[in-house]
Amino acid sequence: MNITVYCGSAMGDSPAIVEAARQLGQWIGESGNRLVYGGSSVGLMGVVSRAALEAGAEVDGVEPQFFIDAGVEQHHLTNLFVVETMAERKTMMIGLGDVFVALPGGVGTLEEISEILTRVRLDMGPHECFFLNVDGFYDPLIKMLESMIAHGFFDEADMERTHFPGTVEELARLVAHSQEHPPTRKGGAFLSQFG
């Protein structure tokens, strides 16, 4: 299973988040899965990729040429795919992935996982997405999604397929359950209202 991880090129200010990134990479390797990520050696991207490699995972990085030129690519990856634009990077990371996880991160992380949320809502695949909610980092996003539901812009069915585990252990259980029991739309697909 290919697990696409979105995360920051910065470390942030929380040792708990850095440790969660390390544990995530370790779990991906020890569980026999493959990491797909943004290709960099810096920040949380470096933490998760090094931990995955050390745990025996195959790791695919996808990085724009301008980051390669800046010298921040991770070495010793199974594959490093070099693209020209951020849009190409995002498209390739989606195409390579089976499961999509966002660690805490900045606006780039939020932009990438937001497309996955949209694809979940439109039943375009994947069927679920996961936010690793270390120390409540994504609690404000949960409140925003709940507000969207209250105002009729998001559905309860979509929220049920959007997960906010607080630990890597909980994430692993949710991913395993998702693989064994793929979710289905409740009350019909979003697009059915237009058909």
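Only a predicted model underlies this, so the values are computations on that prediction, with no experimental measurement involved. Numbers here are sequence positions counted from 1.
For Met1, the CE atom is densely surrounded, since the number of other residues' heavy atoms within 6.0 Å is greater than 12. Under a cut-off of 6.0 angstrom, the local environment of CZ in Phe153 is sparse, with at most 12 non-hydrogen atoms contributed by other residues, nucleotides or ligands. At most 12 non-hydrogen atoms from other residues, nucleotides or ligands lie less than 6.0 angstrom from CG of Asp13.
In this structure, the side chains of Val83 and Gln65 stay at 4.5 Å or more apart for every pair of heavy atoms. Contact check for Tyr37 versus Gln74: side-chain heavy atoms found under the 4.5 Å cut-off. Using a 4.5 Å heavy-atom threshold, the side chains of Arg34 and Ile3 count as separate. Side-chain contact between Arg119 and Leu122 is absent, with no heavy-atom pair separated by less than 4.5 Å.
Put simply, CG on Asp60 and OG1 on Thr4 are 9.0 Å apart, with the number rounded to the nearest 0.5 Å. Interatomic distance, CD of Glu128 versus NE2 of His177, reported as 8.5 Å (0.5 Å rounding). Once rounded to the nearest 0.5 Å, the distance linking OG1 of Thr109 with CD1 of Ile113 reads 9.0 Å. To the nearest 0.5 Å, atoms OG (Ser178) and NE2 (His127) are separated by 8.5 Å. Note: Leu110 CG to Leu141 CG = 6.5 Å, rounded to the nearest 0.5 Å.
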Side chain to side chain contact (heavy atoms under 4.5 Å, CB included) assessment of Val5 paired with Leu35: CA-CA 7 Å; Val5 174; Leu35 171 65; 3.5 Å; yes
Full working for side chain to side chain contact (heavy atoms under 4.5 Å, CB included) between Val48 and Cys7: CA-CA 9 Å; Val48 71; Cys7 57; 4.1 Å; yes
Glu73 and Phe67: CA distance, side-chain angles, deciding distance, side chain to side chain contact (heavy atoms under 4.5 Å, CB included) verdict: CA-CA 7 Å; Glu73 78 273 17; Phe67 284 140; over 6 Å; no
Audit row: Ile142, Met159, side chain to side chain contact (heavy atoms under 4.5 Å, CB included) steps and yes/no: CA-CA 9 Å; Ile142 295 171; Met159 195 66 170; 3.9 Å; yes
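Under the side chain to side chain contact (heavy atoms under 4.5 Å, CB included) criterion, Glu170 pairs with Pro165, Thr167, Arg173, Leu174, sequence neighbours left out. Shown here are the ring-ring contact (aromatic ring centres under 6.0 Å, His included) partners of Phe164, two or more places apart in sequence or in another chain: Phe131. Take Ser40 and apply the side-chain hydrogen bond (donor to acceptor under 3.5 Å, both in side chains) test, not counting sequence neighbours, and it matches Glu63. Checked against side chain to side chain contact (heavy atoms under 4.5 Å, CB included), Met11 has the following partners two or more places apart in sequence or in another chain: Val18, Leu44, Val47.
There is a path of hydrophobic side-chain contacts, each under 4.5 Å, that joins Met45 to Leu80. Transitive grouping of hydrophobic side chains (ILVMFWY, heavy atoms separated by less than 4.5 Å) keeps Tyr6 and Val72 in distinct clusters. Criterion: ILVMFWY side-chain heavy atoms under 4.5 Å apart, direct or through other members. Under it, Val42 and Met86 are part of a common hydrophobic cluster.
Between Arg161 and Asp155, none of the side-chain N atoms (NZ, or NE/NH1/NH2) sits under 4.0 Å from a carboxylate O, so this pair counts as no salt bridge.
Of all the heavy atoms in Gly46 and Ser49, the pair that sits closest is O-OG, 3.2 Å. Nearest heavy-atom pair across Phe154 and Asp158 is CZ-CB, 3.5 Å. The minimum heavy-atom distance linking His75 with Leu53 is given by the pair O-CD1, 4.2 Å.
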Please list every donor-acceptor pair under 3.5 Å in which a side-chain atom of residues 90-108 meets a protein atom from a residue at least two apart or in another chain.
unit_1	atom_1	unit_2	atom_2	d
Lys90	NZ	Glu111	OE2	2.4
Lys90	NZ	Glu115	OE1	2.9
Thr91	OG1	Ala87	O	3.1
Asp98	OD2	Asn2	N	2.8

Please tabulate, for side-chain N and O atoms in residues 20-29, each donor-acceptor pair with protein atoms closer than 3.5 Å (sequence neighbours left out).
unit_1	atom_1	unit_2	atom_2	d
Arg22	NE	Glu19	OE1	3.0
Arg22	NE	Glu19	OE2	3.3
Arg22	NH1	Gln26	OE1	2.9
Arg22	NH2	Glu19	OE2	2.6
Gln23	NE2	Glu19	OE2	3.0
Gln26	NE2	Glu30	OE2	3.0

